[in-house]
Amino acid sequence: MASQLQLLEEERRKLLFQEQNLIAAHNEQMTKLRSHLGDLEDQIFHLKQSQQTEDPPKSDSWQCLCGKMLKGDRKRCGKCLRWRGGKR
């Protein structure tokens, strides 16, 4: 009876050890995945920011929706206060 109990306890210790190793490996994989996901999200964020902040060429004049002609370096109409290219 005692030897059977010792065998069961030894088997239990082995299983707990394997479980801890699997959890550690899983945590390491999750950390790598989260890091990679964070890098991708940063790249997406910076791409979206760069697309939103690109100004139109400043050399051409443009006409506001109110009809006023403005120089190419102006981003906003002085008459109606609208932005060049729409909302900001």
Side-chain angles (χ1 to χ4, degrees):
M1 186 74 135
S3 65
Q4 186 179 5
L5 181 60
Q6 289 174 344
L7 289 173
L8 290 174
E9 286 179 353
E10 182 65 28
E11 184 69 24
R12 180 178 172 269
R13 277 192 290 267
K14 287 180 183 179
L15 289 175
L16 287 173
F17 182 74
Q18 287 177 353
E19 179 186 35
Q20 290 173 349
N21 285 340
L22 288 173
I23 289 171
H26 173 72
N27 288 340
E28 185 178 330
Q29 288 177 343
M30 289 300 293
T31 302
K32 287 179 182 178
L33 281 171
R34 287 184 182 133
S35 175
H36 185 63
L37 179 61
D39 292 343
L40 288 175
E41 287 175 346
D42 287 345
Q43 289 176 0
I44 290 169
F45 174 78
H46 290 296
L47 281 173
K48 285 182 178 180
Q49 286 294 328
S50 68
Q51 290 173 354
Q52 290 176 357
T53 57
E54 288 180 5
D55 291 333
K58 295 182 179 181
S59 60
D60 298 333
S61 62
W62 60 281
Q63 184 174 10
C64 182
L65 294 174
C66 69
K68 185 174 180 181
M69 289 298 294
L70 298 156
K71 294 180 182 177
D73 62 345
R74 301 295 307 256
K75 293 183 180 180
R76 197 165 185 186
C77 177
K79 181 178 176 184
C80 67
L81 301 178
R82 286 191 175 114
W83 288 95
R84 180 179 184 179
K87 292 182 180 181
R88 295 277 185 254

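Throughout, residue positions are numbered sequentially from 1 according to the sequence presented.
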To the nearest 0.5 Å, tell me how far [X] [atom1] sits from [Y] [atom2].
X     : Y     : atom1 : atom2 : result
Lys71 : Asp60 : NZ    : CG    : 14.5 Å
Glu19 : Arg12 : CD    : CZ    : 10.0 Å
Cys77 : Trp62 : SG    : CH2   : 6.0 Å
Glu10 : Ser3  : CD    : OG    : 13.0 Å
Leu70 : Ser61 : CG    : OG    : 8.5 Å
Asp39 : His36 : CG    : NE2   : 7.5 Å

Please check: side-chain N/O of [X] versus main-chain N/O of [Y], any donor-acceptor pairing under 3.5 Å?
X     : Y     : result
Arg76 : Leu81 : yes
Ser35 : Thr31 : no
Arg84 : Gly72 : yes

### Query
Charged N to carboxylate O under 4.0 angstrom, Glu11 versus Lys14?
no
### Query
Can you name the nearest heavy-atom pair linking Arg82 to Cys66, along with the distance?
NH1-N, 3.7 Å
